[in-house]
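Working notes, structure below.
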2 protein chains.
Amino acid sequence: MSQIHGALQVLHSRGYRVTEPRKRVLKVLTEVQSPVSPYDIQEILHRKGEYLNHVTIYRVLELLCSLNLAHKVLLVGGFVKCTLGEGGGCHRFVVCRQCGAIREYADKALCEEENAIAQEFGFRAEQHFSEFSGICSECMASAMF
Amino acid sequence: MSQIHGALQVLHSRGYRVTEPRKRVLKVLTEVQSPVSPYDIQEILHRKGEYLNHVTIYRVLELLCSLNLAHKVLLVGGFVKCTLGEGGGCHRFVVCRQCGAIREYADKALCEEENAIAQEFGFRAEQHFSEFSGICSECMASAMF
DNA sequence: CTTTCTGCAAAAGGTTTGCAGTTAG
DNA sequence: CTAACTGCAAACCTTTTGCAGAAAG
């Protein structure tokens with residue numbers, strides 16, 4: 001519960017209500033660690049004997065993403081809880097293609113390099129999406145049978 | 001037609017057949033310049049009086065992507081024809097959020113920096129997805145009314 | 001000719017919408 | 001209390017599958 005406390009405060013401070021569905025979705029996101037789809041979340045809750053309508057889950061995720069409390073990982077089409085604070089550049093991901101393990105990071109230097117490249121093309125970059133897929137150390141180890 | 005000639009050669013040299021549907025999809029991709037969905041492609045062909053089943057378009061796009069002749073742009077969920085050759089790092093995109101204009105580029109230095117970051121997390125990065133959304137010079141100009 | 005490819009029909013999945021009833025504050 | 005939120009039903013859009021017929025080489 002303490003893990004989601006910060007997020008609940010953000011909800012409250014922005015004038016959104018702290019409801020049971022929102023708490024449940026946040027709880028699942030903090031527990032799973034890897035990207036999950038709305039239906040994954042419903043399934044996980046189901047196994048705990050809890051229930052949420054899928055539409056509600058969609059709407060909660062949309063809200064969380066709009067507040068930067070969660071992110072959609074485009075590469076795998078799932079959602080993760082944001083593990084970073086504000087500032088220091090765009091949030092980026094490394095995803096293990098085998099087990100789905102994910103790490104979030106930010107790197108201001110990368111953002112600046114990318115902005116420079118965009119400028120060469122006459123673009124003003126606003127938002128960077130950067131994900132790379134690879135293989136994590138655990139899966140690497142278990143692959144060398 | 002000359003624009004798609006190279007792509008057709010790749011198809012042929014890899015043992016795939018050069019068919020009418022494949023030529024049509026490639027032609028649309030070279031003409032539109034911005035990311036299009038399978039149904040967008042069907043619609044564009046329809047306006048020319050041509051027809052392709054949507055399933056065929058899905059399959060053609062899947063093939064083209066597997067051969068790196070096209071890419072799926074995750075940010076907008078559409079497909080573009082690849083405008084780069086092989087080598088020099090992963091293919092990356094800048095997309096205008098207003099008009100959909102897109103530029104593809106590759107930057108080996110960025111790839112290496114990202115690989116180093118992945119390594120810190122114990123990951124071996126294999127594929128980089130990097131897209132940034134921004135605003136292109138034309139839209140920027142027309143925005144300053 | 002034969003293998004690959006396309007079209008069709010249908011199903012399966014994912015996402016969105018409007019509205020009535022519920023609940024947080 | 002009342003504005004914000006959730007659940008439900010239904011629609012909608014996207015993607016996939018299996019199979020029979022067409023076409024490339």
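Throughout, a chain's letter reflects where its sequence line sits, starting with A, and its residues are numbered from 1. These figures come from a predicted structure and were not determined experimentally.
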Point to revise | Interatomic distance, B:Arg24 CZ vs C:dT6 C1' [rounded to whole Å] | key: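 Taking CZ of B:Arg24 and C1' of C:dT6, I get 12 Å after rounding.
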Practice item. Starting from P on C:dC5, measure out to CG on B:Leu8 and report it in whole angstrom. Key: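 Whole-Å distance recorded here is 14 Å.
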Exercise for review: Under 4.0 Å from any atom of DNA chain C, heavy atoms only: list the residues of residues 10-18 of chain A that qualify, in numerical order.
Suggested key: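 The stretch gives A:Arg17, A:Val18 as the residues lying under 4.0 Å from the strand, ordered by number.
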Point to revise | A:Arg47/A:Glu43 ion pair, N-O < 4.0 Å | key: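 Counted as a salt bridge, because a side-chain N and a carboxylate O are separated by less than 4.0 Å.
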Review point. So, are B:Lys27 and B:Glu50 salt-bridged, with charged N and O less than 4.0 Å apart?
Key: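 Judged by the 4.0 Å cut-off on N to carboxylate O distance, B:Lys27 and B:Glu50 do not form a salt bridge.
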**Study point:** Near-strand residues of residues 40-62 of chain A, defined as heavy-atom separation under 4.0 angstrom from DNA chain D
**Key:**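 Per residue number, the list reads A:Tyr51, A:Leu52, A:Asn53, A:Val55, A:Thr56, A:Arg59.
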Review point. Side chains of B:Glu120 and A:Tyr105: closer than 4.5 Å at any heavy-atom pair?
Key: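 No; the side chains remain at least 4.5 Å from each other.
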Practice item. Taking heavy atoms of chain B and a 4.0 Å limit, find me the 5'-most and 3'-most nucleotide of DNA chain D within that range. Key: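 Footprint of chain B along DNA chain D, 5' to 3': D:dT14 to D:dG25.
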Check your understanding: Going through the distances and angles, do B:Arg92 and B:Glu114 end up as a salt bridge (Lys or Arg N to Asp or Glu O under 4.0 Å)?
Key -> CA-CA 13 Å; B:Arg92 298 157 185 268; B:Glu114 291 182 342; 3.1 Å; yes
Review point. What residues, two or more places apart in sequence or in another chain, satisfy side chain to side chain donor-acceptor pair (under 3.5 Å) together with A:Ser133?
Key: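 For A:Ser133, no residue satisfies side chain to side chain donor-acceptor pair (under 3.5 Å) once neighbours in sequence are set aside.
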Practice item. Report the residues that fulfil side chain to side chain donor-acceptor pair (under 3.5 Å) with A:Asn115, sequence neighbours left out, ordered by chain and then residue number. Key: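 Once residues adjacent in sequence are excluded, the partners of A:Asn115 under the side chain to side chain donor-acceptor pair (under 3.5 Å) criterion are A:His128.
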Exercise for review: Check B:Phe132 against A:Ala125 and note the closest heavy-atom contact, atom names and distance.
Suggested key: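 Closest approach of B:Phe132 to A:Ala125: CD1-CB, 3.6 Å.
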Exercise for review: Could you pull out all residues at least two apart from A:Gln119 that satisfy side chain to side chain contact (heavy atoms under 4.5 Å, CB included)?
Suggested key: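 Once residues adjacent in sequence are excluded, A:Gln119 has no partner under the side chain to side chain contact (heavy atoms under 4.5 Å, CB included) criterion.
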Without placing hydrogens or testing angles, list every side-chain donor-acceptor pair under 3.5 Å for residues 78-91 of chain A, not counting sequence neighbours.
residue, atom, partner, partner atom, Å
A:Thr83, OG1, A:Glu104, OE1, 2.9
A:His91, ND1, A:His71, NE2, 3.2
A:His91, ND1, A:Glu104, OE2, 2.9
A:His91, NE2, A:Gly85, O, 3.4

Review point. Is the phosphate of C:dT6, meaning OP1 or OP2, less than 4.0 Å from a side-chain N or O of B:Thr19?
Key: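 Result: yes.
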Practice item. List for me each residue that meets salt bridge (Lys or Arg N to Asp or Glu O under 4.0 Å) alongside B:Glu138, sequence neighbours excluded, and say none if there are none. Key: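 Testing B:Glu138 for salt bridge (Lys or Arg N to Asp or Glu O under 4.0 Å), a comparison that skips the adjacent residues, returns none.
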Review point. If you fit an axis to the five pairs at each end of the helix from C:dC1-D:dG25 to C:dG25-D:dC1, how big is the angle between those two axes, to 10 degrees?
Key: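 For the helix from C:dC1-D:dG25 to C:dG25-D:dC1, the axes at either end differ by 40°.
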Determine all donor-acceptor pairs shorter than 3.5 Å in which one atom belongs to a side chain in residues 55-67 of chain A; sequence neighbours excluded.
residue, atom, partner, partner atom, Å
A:Ser66, OG, A:Leu63, O, 2.7

Practice item. List, by chain and number, the other hydrophobic cluster members for B:Tyr51, where Ile, Leu, Val, Met, Phe, Trp and Tyr join if side-chain heavy atoms come within less than 4.5 Å, directly or indirectly. Key: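 Answer for B:Tyr51: none, a lone residue.
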Point to revise | For B:Tyr39, ring-ring contact (aromatic ring centres under 6.0 Å, His included) partners two or more places apart | key: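 With sequence neighbours excluded, B:Tyr39 shows a ring-ring contact (aromatic ring centres under 6.0 Å, His included) to B:His54, given in chain and number order.
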Point to revise | Residue met sooner reading DNA chain D from 5', once B:Phe79 and B:Glu20 are mapped to nucleotides | key: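 Of the two residues, B:Phe79 wins.
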